[in-house]
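Report on the following structure.
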Amino acid sequence: MQNFDTILTLPSVFLDRNVLSPHFVPDVLPYREKEIEKIMLAVAPALEDQRPKNLFIYGKTGTGKTCTVKRVMAEFRKKTIFPQDVYVNCRMYNSRYRVMQKIGKTFISELDKVGFGISHFYEKLLEYIQVPYENGNQKRIIVVLDEIDMVKDLDELVYTLTRMNDEISSGSISMIGITNKISFKEVLDPRSKSSLCESEIVFSPYNSIQLREILAQRVKLGFVEGTVHDSAINLAAAIAAQETGDARYALKLLLKAGEIADEKKSFLITDREVEEARKNVDNTLVGEIIKTLPKHQQLVLIAICNLYNNIGHYQRLGQEENLEENRLLSGEVYEEYCKICRKFKRIPRSARWYREYLNELEMLGLITTVESSKGLRGHSRFIKPGYEPQQMLQILLESQQKSESETKVIYDSDL
DNA sequence: CCTCCACAGGAAGCGCAGGAGT
DNA sequence: ACTCCTGCGCTTCCTGTGGAGG
């Protein structure tokens, strides 16, 4: 008889899976000493009753931005008697209103209700900050805005917060903005930019040696000793470094590899488990991207995969050259896309917009396109799927069918 | 050489949804 | 509840590009 006790006592390579979660904050952050110091430098004035500088942090995903900031703020909290900082994930609090609400209710319990206008939060916060703590220290509020690029009306938010600083006679409020969009700074209003970016830190991607050490550290904490081969760690680090230097991805690989080892009951993580994990992780990643794609981008992708799989395609056209290269011309793909649209009972978008879709898909890495330099026509693009077309097609058709049943459209199956 | 072809991508404008202001 | 405004997804129109073919 299976019960929870037998499940829970199953042997496993894991000591503590939490250690491998992207939200885990380790005590020591390898190769981020300089960044930690810079953040501390920016925050430190708060401990001396001075206004901390605003700080802007950017770097690609998995470079430890959030982790480092959380680490520093944890240290900061040890030094303060009263709560002085808020962590706001802007993915959840994605407007000026929501951010202000979150800040407000963190410090003022009576604001923990809905229905107040933004000016109400503003006034209450002003009042709150201006009254010093019982020990006579002024209030030095630090707001950490993670994924700050998700805030729709960021310029207004930054403006509101900076104006707050100007209006109060004592105390202060500072911001730490975190984003992974490098180009993000450019779309910012110049005024917001100058106030938000008083000081800046760039987090560079990890290389394979650094990733290796990070992984080794987590392995020590998260896995049973002796279950993970050194070469497996190296491989996971190398794969992640080759991609983008994303530590989160590297950790995901290890987590999945561990699960595979448990499933196989081999309880040993070698290169092979990591390789398998890689396929698995990539697939689910691509699957996630595809599933969240807008309908028509999915349809374009179906058209591409469909044509790519259709071996006879270029033979019928008699274009042996393209058959060998197995590349598709953008015009043909558009025609196929229109056909697919008819089959799914949807009105095709214009060719102009279809080109825009192609660009989107390329940005996401789902397809690759090459400018046709020679051969056919002026400039046109050759299109290739970025991943296994068969696998993509499967995911695509699944998610199309799902959305069809949701919208109660009858599925035309003569595809 | 000119024109046509098949495409890329910019500019303008349109209809709609949702938020702000009244 | 009502307008007004704005951003978004999209279409239409247009200009530019470079080889093919007359």
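What's counted below: heavy atoms across the whole structure, side chains too, no hydrogens, waters or symmetry copies. Letters A, B, ... mirror the listed sequences (proteins, then strands); counts begin at 1.
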Let me know the distance between CD1 of I347(A) and P of dT11(C), rounded to the nearest Å.
10 Å
Do nucleotides 3-10 of chain C as a string where each nucleotide becomes B, S or -: B if the base has a protein heavy atom under 4.0 Å, S if just the sugar-phosphate does, - if no protein is that close.
------SB
Output a table of nitrogen or oxygen pairs between the protein and nucleotides 9-12 of chain B separated by less than 3.5 Å.
unit_1, atom_1, unit_2, atom_2, d
dG9(B), N7, R352(A), NE, 3.4
dG9(B), N7, R355(A), NH1, 2.6
dG9(B), O6, R355(A), NH1, 3.2
dG10(B), N7, R352(A), NE, 3.3
dG10(B), N7, R352(A), NH2, 3.1
dG10(B), O6, R352(A), NE, 2.9

Would you mind reading off the distance between E335(A) atom CD and dA6(B) atom P, rounded to a whole angstrom?
10 Å
Just jot down the side chain to side chain contact (heavy atoms under 4.5 Å, CB included) partners of T284(A), sequence neighbours excluded, or say none.
N280(A)
Would you say the ring centers of F223(A) and F14(A) fall short of 6.0 Å from each other?
yes
Should L125(A) and M100(A) count as side-chain neighbours, where that means a heavy-atom distance under 4.5 Å?
yes
Determine, step by step, whether E75(A) and K79(A) satisfy the salt bridge (Lys or Arg N to Asp or Glu O under 4.0 Å) criterion, reporting the C-alpha distance in whole Å, the side-chain angles of both residues, the deciding distance to 0.1 Å, and the verdict.
CA-CA 7 Å; E75(A) 289 299 318; K79(A) 292 278 178 191; over 6 Å; no
Tell me which donor-acceptor pairs under 3.5 Å the side chains of residues 247-259 of chain A have, and how far apart each pair is, sequence neighbours excluded?
unit_1, atom_1, unit_2, atom_2, d
Y249(A), OH, D282(A), OD1, 2.8
K256(A), NZ, E259(A), OE1, 3.2
E259(A), OE2, R17(A), NH2, 2.5

Restricting to side chain to side chain contact (heavy atoms under 4.5 Å, CB included), what partner residues turn up for I214(A), sequence neighbours left out?
P30(A), Y206(A)
What's the spacing between I302(A) CD1 and I340(A) CD1 if we round to 0.5 Å?
6.0 Å
Excluding sequence neighbours, so at least two apart, what forms side chain to side chain contact (heavy atoms under 4.5 Å, CB included) with D230(A)?
I233(A)
Phosphate OP1/OP2 of dA6(B) contacted by S330(A) side-chain N/O (<4.0 Å)
no
